[in-house]
Amino acid sequence: MHKALSLFAPGESQHIVKTISAELCLRCRFAKLLCGRPVCPILLKLDAYNNVSRILSKEVSGDTPPAAFVGTSGYPNVSVGPLLPPLHGDTRIYDEPELWYGLGFQEIVNLRTFMVRGKERYNVNDANQAKGLLYDLQISNLAIRPVSAEMVFSKQPSSTAHFDDDSPPFGPSAWLKKYRLNSQNSDRRLEYVFYDRDLGSTEGIITLYTKGISVNSIQRLLSVGMLGRKRRLVPTRWSITAVDDAISKWLLERVKQNTTIDDFRVFIKDYLGSRYVIIMLPFQFSFEWIEAWYPKTTFNPSTSEVYSIGDFEGQRGRKSYAAPGGCYYSVRLAVSEYLDSIRRQAAVIALREIYPGQILPLGVWNVREAIRHALKSSYKSFDSIESSVNFALSNLRMGERFWRSNSRILRQFMLQNSLDMFIT
Amino acid sequence: MLEVVSDSAEEWKTVAQAISTLIEEATFVATPEGLNLRAMDPSHIALIDLRWPNTAFDKYSCDQNYTLTVRVDDLLKVLKRADSKDRVELKLNEDNTLELTLRNGYERNFTIHLVEAQYSQTPLPKVTFNITARLKSTIVRQILEDIKTISDHVAIKAEQGKLTLSGKSESGKVSVVVSKDNPELEELNVKDPGEATYSIDYLSNFSKSMGAADSLALSFSSKMPIKLEFPLGKKGGNVQFYLAPRVD
């Protein structure tokens, strides 16, 4: 029997996770508590691990990047609030995953847990005519640069950290008594969408994206209820997937009109304890994403086997929610951005192996950025499906048999002839 | 000017159903001789070829060649509202819309927008078929369902006097023999015995779209594409379906 998470002290707590199957954890990822326990045992330990003694007071002042968080618990009455690190200056990096690529686990966790989160409870529909803190929060999210702010809490924030598969980690939080905001310069592109109450939320998302606003900022605006006709708070983890989904769908409509690439391409990238291999085939667009979790990784702590989960879509797209969850949509976004930028289409198989070094979930941004960077780096070009797939799979530890049998798109293209062979 | 009238919606339903298994947008080519459609699915694995001569319609007037591209979903949705006995009138409007009128006691008038598309004629695969057979369509559907329980592909083997359809996967194997004594096998000609494997999803989707046709002609050769063919109504219409083989 493998020891559970490497964070556990020897002999301690192993019984908590032993009876939970990796498959269950893989499906749940803290979100649904499928194991039936009131608190996720894995998270519990992570919290304790992160409970570093810190000096936290009932008042904090600093520059919010700007950042905000909307929780899921109690939905539709959710906790909402700003985040800020207790320092002044250019704090943008604290809430911009696009700037994090290249940082290690510890640096990212340190960045995130350095921010203090104030919260207040709102009904999701309150965002439609925001008042009080919610109004201030919306306004601060229009800022072009960090905004200096002050938070006064009713109690001293507890020094804990929260980890989630979809959203980036979060540090200590406390209920807000007061939120004071200094003056700011607003971004015109954001104002344009925020003040247009006739613009649907999808149109709003696309408008911001085409004007060069980062995916993270768009997601933040959606989550604090600043987009759409009838405005609503959207829990952060849902808003991330909603934005990835909306943008990639929009890009793919264009991509599917393009001609296919002319060669077989393989991209490889290692990041944060994972290897990513992306295979592009010169066929009509289809997309598959598969993750293989090694034992002793975040979502497969308790078995000695590798578990994989994946999903795919064809030319017609998909209607149901993808099995691997939010990361599927993040990868699809990175892939559609690439295909759109080269004005081509392709059948894309994106594979990820998560090795035992992966101990904490950091949010889907790390998958999105890893794939974005993989596709920006050079690739190896081949002239046949066989040679490209052989090369790709030889760069993965799980071996050919595993990946060939797990990938639907590979099976389809490796085993199926095309009619073109018979039309000459 | 293009105006086409059929006295039963049945055939239109079959046509829309059959195309929808392969493509999202369909380009019909209307000539004074009749209505045709030929298209490959996006992955270039299967092809559908529809020939619908003017004699198959109650009324067919077409003064020149037209290409009409429709979203198959749009067409399918309208035709779903038609009863098999409804009379279907189709008219190409000058504003690039297609008017579909369903008549049966009361009259329903639908207008759907055509899609702009570039059309180029797809050539047919060049295959010499060594094996041809005719089977009852119900038995074809049954056999494919049988094999689907185990496998996502079907191997078809033809010998003198019998056809063997089989499938296998990690979970097991299945085989079905249809011999000449079997009344469901109406015809079998084997010039050269052979075997080839095909994706079952394509075959079963297509065989389910056959509508009222009660028999199906099947032609193939070793490791070559298979052709399925069924009549569309009783007045000369015809639907052919080509499917590329799987790699052995």
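Chain A is the first sequence line, chain B the second, and so forth, proteins listed ahead of strands; every chain is numbered from 1.
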For L37(B), the option from I48(B), V29(B), L68(B) that meets side chain to side chain contact (heavy atoms under 4.5 Å, CB included): I48(B)
Salt bridge check: are E24(B) and R71(B) linked by an N-O gap of less than 4.0 Å? no
Among F241(B), Y242(B), Y198(B), whose ring-ring contact (aromatic ring centres under 6.0 Å, His included) with F206(B) holds? F241(B)
Segment of M421(A) engaging chain B (4.5 angstrom heavy-atom cut-off): neither
Electrostatic pair E145(B):K208(B) at N-O distance under 4.0 angstrom: yes
Identify the residues of residues 166-178 of chain B whose heavy atoms come closer than 4.5 Å to a heavy atom of chain A, ordered by number, or report 'none'. none
Are there residues of residues 310-332 of chain A that reach to under 4.5 Å of chain B by heavy atoms, and which ones? Q315(A), R316(A)
I need the contact set between residues 242-251 of chain A and chain B: heavy-atom distance under 4.5 Å, sorted by residue number. none
Pair E288(A) + R408(A), salt bridge at N-O below 4.0 Å: no
Is it the side chain or the backbone of M40(B) that comes within 4.5 Å of chain A heavy atoms, both, or neither? side chain
Angle between ring planes, F391(A) versus F382(A), binned at 30° and 60°: parallel, tilted or perpendicular? tilted
Modelled atom types, side-chain donor and acceptor of S199(B) and D201(B), under 3.5 Å: no
Output every pair passing salt bridge (Lys or Arg N to Asp or Glu O under 4.0 Å) with a member in residues 393-402 of chain A, not counting sequence neighbours, ordered by first then second residue. E400(A)-R404(A)
What are the two closest non-hydrogen atoms of V72(B) and I23(B), and how far apart are they? CG2-O, 3.6 Å
